[in-house]
Amino acid sequence: MTERSAYRAVFRGTFLITALVPALLLPALAQAQAGWTPLKLYKAEEVAPACARGLADFRARVKKLEAMPAADAAAVYAELDRLTLAQEDLEGPVYLLNNVSPDPKLRAAAEPCIVELGKFGTEFAQNEKLYALVKALKPADAVDAKLREDMLRDFEDSGVALPADKRARMKAILEEKENLQLEFARNIRDNNARLAFTAEEVKGLPADYLARARKNEKGEYLFGFGYPEYVPFMEYSDNDAARRRYQFAFTNRGTPRNLELLARTVKLRQEIADLFGYPSYAHFAVRKRMAETPEAIEKFLGEVQAAASGLQTKELEELRVYAVQAQGLAGEQAKAFRLQPWNLSYWQRRLKQERYQLDQNALRKYFPTNASVAWVLDVSGRLYGVGFRPSAAPVWHEDVRALDVIDQASGAVLGGIYLDLYPRDGKYGHAAAFGVAHPSALEKRLPVSALVANLNKEGLDGEELVTLLHEFGHVLHGVLSKTRYAAEGGTSVERDFVEAPSQMYEEWARRLEPLRLLAGHCSPACPQVDAALVARMTAAHNFGRGIRYSRQLLYAGFDMRLHARHAPGEKIDPEALWDAMEGATPLGHVDGTQFPGSFGHLMGGYAAGYYGYMWSEVLALDMLSRFGDKLLNPEVGRLYRETVLSRGGERKATDMVRDFLGRAPSSKAFYDEIAGKRLQ
């Protein structure tokens with residue numbers, strides 16, 4: 001997942017990338033000087049005055065722009081770029097720290113500033129003088145033309161061309177939506193509740209997992225909502241009632257308030273569609289994405305359903321029979337047993353462990369976290385011709401590390417990376433890449449990205465290794481972009497393409513060629529990944545595809561239904577819609593669970609866009625085919641860097657994919673993946 005940009009303590013002592021990955025750095029690079037600007041790490045009391053100064057500066061820059069002649073297009077483009085950079089200097093650190101700072105006062109102080117920045121963004125996009133100025137610009141080339149096209153879209157999407165009364169209403173809607181989104185995220189992020197479980201309830205859980213757990217005065221184990229706590233519990237606890245209790249609390253961790261916030265937001269989105277004369281918010285949102293229309297999305301989702309639904313039914317019945325036999329059930333008990341959301345991952349884990357001799361928790365010895373991070377850097381360096389070294393940039397927590405990214409061929413510093421990998425109270429709870437500063441060749445600004453995750457400190461299972469690669473794919477998309485203008489940098493691409501580079505990179509966690517390098521980064525030594533282990537990992541990955549894609553279909557379908565046409569005065573009830581849609585699935589709905597209250601994607605940029613995960617995967621797997629059987633091919637890697645990663649949003653996604661593949665995109669690899677034919 002990529003988080004909003006400005007327009008996601010294993011490391012003891014110094015994190016010596018040079019020692020772990022000597023091949024990445026050329027000797028001359030030791031003399032290179034970092035050229036990226038570290039984030040300003042505000043104190044709580046500094047945010048408000050910095051925000052006020054920044055906003056005053058932005059408005060002064062707008063006044064300057066208003067007076068500039070369109071005939072001097074190069075000067076206008078340059079001034080617009082400088083304004084973007086000034087905004088990023090403030091919004092980048094404020095937004096990131098709102099999500100990751102260990103100081104609750106700072107997180108709270110950041111929110112009013114984010115709201116004011118949102119107001120300025122709307123004010124800017126509704127500025128009729130600026131709209132007329134950009135409209136009158138004569139682009140010098142295709143890059144200027146793409147920036148102009150994107151800016152005009154943003155102006156028009158904010159209502160600049162609407163009548164005055166509708167424009168005012170649009171402004172109010174956008175400001176209210178910003179507040180709703182912040183509150184929704186806060187209700188999940190700041191929920192530090194912990195559930196207590198007895199020794200009986202934690203039977204089956206790995207000993208190392210229990211050894212790290214907190215306990216209360218009664219000696220009961222305490223677990224919160226971080227993924228390194230929740231996921232293993234749901235997979236390993238033998239106590240069905242304990243899993244059920246944990247699943248309910250985890251699913252409802254943002255409710256009931258977040259259900260109200262989501263309903264209000266959906267209502268406001270329908271009002272936006274009405275203001276612009278579109279049938280639904282989905283029509284408004286997707287018209288300038290790759291999909292272009294909701295009808296195209298529904299067709300795509302229908303095709304995925306046809307490919308996955310029969311497989312899901314087969315897998316669920318196979319899993320149910322396995323669970324019945326494993327429990328020794330017979331007769332009426334066997335007939336009555338059904339899979340539930342709180343036991344699905346438990347029985348999947350047991351079946352895979354027995355059938356494929358693959359225990360995800362046992363994989364942690366193959367993938368120690370420190371070594372896994374070094375391995376990702378190694379693979380990235382081999383593929384893209386880059387190196388990494390520790391940076392002296394200040395960080396917001398002792399677990400966080402900063403790195404310089406260096407071009408091997410020239411020795412030039414390309415940008416900076418922050419790695420914030422482990423859970424803590426008050427931190428963003430998922431995994432995401434935050435593009436906090438974008439490149440500007442015009443102003444010689446280098447990009448900065450932050451990888452924010454909640455990984456196990458001691459070692460990763462297969463899924464966590466995939467997550468690390470996925471988010472690092474987003475980070476590379478940010479720091480390897482070399483765009484002329486900051487507004488087009490990094491992941492500033494169509495929403496239904498933004499996940500493709502990160503999804504493609506997941507494959508490096510599933511293939512022997514790259515995985516066999518990981519043991520070389522272990523200290524102390526760890527087992528070598530071999531062909532037999534990769535074969536078992538592949539077999540385990542292939543089981544559950546129908547279940548996995550059907551769940552993604554449910555999320556995407558719910559999103560599209562939620563943002564379909566709503567009549568004036570119609571009550572919007574996300575919970576009721578979800579209950580009905582989930583209830584129609586083979587697993588059914590569990591009364592009392594309120595998943596939409598924690599579905600944060602729909603409060604941000606993925607509204608009427610969750611389908612983009614599967615849409616992007618079509619392109620990701622197709623682009624992957626360019627590597628063939630050699631995932632560490634540096635020639636292909638550098639071609640990909642040049643045609644896709646370095647271009648950011650300067651070109652349309654379809655054109656970049658065509659350039660890289662040398663042909664039109666194909667969906668064959670995606671449907672082969674669903675059918676289990678791609679990896680065998």
Side-chain angles (χ1 to χ4, degrees), residues 188 191 193 195 197 201-202 204-205 223-256 258-259 262 305 308-309 311-324 326-327 329 335-353 360 429-430 461 463 543-559 561-562 574-602 610 613:
I188 297 173
N191 185 340
L195 280 68
F197 295 94
E201 290 178 310
V202 299
L205 287 160
F223 298 111
F225 297 137
Y227 282 91
E229 293 176 283
Y230 177 72
V231 173
F233 193 102
M234 300 305 293
E235 292 180 344
Y236 285 91
S237 171
D238 292 328
N239 191 301
D240 197 63
R243 279 186 270 104
R244 182 180 187 276
R245 180 159 63 92
Y246 204 172
Q247 192 263 343
F248 263 66
F250 184 83
T251 304
N252 293 353
R253 64 195 187 278
T255 60
N258 277 5
L259 293 172
L262 179 57
Q305 183 172 15
S309 60
L311 181 59
Q312 178 197 29
T313 301
K314 176 179 178 292
E315 289 171 345
L316 287 173
E317 180 56 20
E318 190 176 349
L319 196 59
R320 193 193 74 81
V321 169
Y322 170 81
V324 165
Q327 296 173 94
L329 303 179
K335 290 180 181 178
F337 177 79
R338 60 173 296 181
L339 296 167
Q340 301 283 358
W342 62 83
N343 64 30
L344 183 65
S345 58
Y346 173 78
W347 289 114
Q348 280 188 295
R349 189 271 305 172
R350 285 192 53 175
L351 181 148
K352 291 180 180 183
Q353 188 168 337
Q360 283 286 345
H430 295 275
D461 65 20
E463 293 306 312
F543 181 84
R545 297 181 319 281
I547 296 170
R548 184 167 63 250
Y549 282 104
S550 294
R551 193 67 179 177
Q552 288 296 301
L553 277 166
L554 176 60
Y555 294 151
F558 172 66
D559 174 29
R561 286 275 300 277
L562 201 60
E575 182 184 6
L577 176 61
W578 173 260
D579 293 357
M581 292 184 68
E582 189 178 39
T585 66
L587 275 176
H589 172 73
V590 179
D591 289 342
T593 58
Q594 301 173 319
F595 169 75
S598 60
F599 198 0
H601 289 76
L602 300 196
Y610 195 88
Y613 276 97

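In this chain, numbering begins with 1 at the start of the sequence shown. What's counted below: heavy atoms across the whole structure, side chains too, no hydrogens, waters or symmetry copies.
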Please evaluate residues Tyr230 and Tyr246 with respect to the criterion ring pair (Phe, Tyr, Trp, His ring centres under 6.0 Å), reporting the C-alpha separation (whole Å), side-chain torsions for both, the decisive distance (0.1 Å), and the verdict. CA-CA 8 Å; Tyr230 177 72; Tyr246 204 172; 5.0 Å; yes
Stepwise, does the side chain to side chain contact (heavy atoms under 4.5 Å, CB included) test hold for Val590 with Phe248? CA-CA 9 Å; Val590 179; Phe248 263 66; 3.3 Å; yes
When you look at Gln327 and Tyr322, which way does the side chain to side chain contact (heavy atoms under 4.5 Å, CB included) test go after all the steps? CA-CA 9 Å; Gln327 296 173 94; Tyr322 170 81; over 6 Å; no
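- Residues Phe558 and Pro574 come closest through the heavy atom pair CE1-O, 3.5 Å.
- A donor-acceptor contact shorter than 3.5 Å links the side chain of Glu315 to the backbone of Gly544.
- Between the side chain of Glu229 and the backbone N or O of Gly224 there is at least one donor-acceptor pair closer than 3.5 Å.
- In this structure a side-chain-to-backbone donor-acceptor pair under 3.5 Å is missing from Asp559 to Leu554.
- With respect to Glu582 and Arg551, a salt bridge is recorded, a charged nitrogen being found less than 4.0 Å from a carboxylate O.
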Show, in sequence, the C-alpha distance, side-chain angles and deciding distance for Phe233 and Val202, and conclude whether the side chain to side chain contact (heavy atoms under 4.5 Å, CB included) test is met. CA-CA 8 Å; Phe233 193 102; Val202 299; 4.1 Å; yes
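- Counting only distance, with no hydrogens or angles, the side chain of Arg349 and the backbone of Pro232 share no donor-acceptor pair below 3.5 Å.
- Heavy atoms of other residues, nucleotides or ligands lying less than 6.0 angstrom from CD of Gln552 number more than 12.
- Two residues are said to be in side-chain contact when any heavy atoms from C-beta on lie closer than 4.5 Å; Gln247 and Thr593 meet this criterion.
- The side-chain heavy atoms of Pro596 and Leu259, taken from C-beta on, include a pair separated by under 4.5 Å.
- Here the two rings, on Tyr610 and Phe599, have centers that are under 6.0 Å apart.
- Panel note: side chain Asn258, backbone Gly597; a donor-acceptor pair is recorded below 3.5 Å.
- With hydrogens and angles ignored, the 3.5 Å screen pairs no side-chain donor or acceptor of Gln312 with any backbone N or O of Ala308.
- With contacts defined as side-chain heavy-atom distances shorter than 4.5 Å, the pair His601/Tyr613 qualifies.
- Because its NZ or CZ atom is both nearer than 6.0 Å to the ring centre of Phe250 and within 45° of the ring axis, Arg253 counts as a cation-pi partner of that residue.
- In plain terms, the two heavy atoms of Ser237 and Ala242 that are nearest each other are OG-CB, 4.4 Å.
- Residue pairs meeting the salt bridge (Lys or Arg N to Asp or Glu O under 4.0 Å) criterion with at least one member in residues 236-246, sequence neighbours excluded: Glu201-Arg245, Asp240-Arg243.
- Side-chain N/O atoms of His430 and Tyr227 include a donor and acceptor closer than 3.5 Å.
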Go through the steps to decide whether Tyr236 and Tyr346 satisfy the test side chain to side chain contact (heavy atoms under 4.5 Å, CB included), and finish with yes or no. CA-CA 6 Å; Tyr236 285 91; Tyr346 173 78; 5.9 Å; no
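- Asn343 places a side-chain N or O within 3.5 Å of a backbone atom of Gln340 that can act as its donor or acceptor partner.
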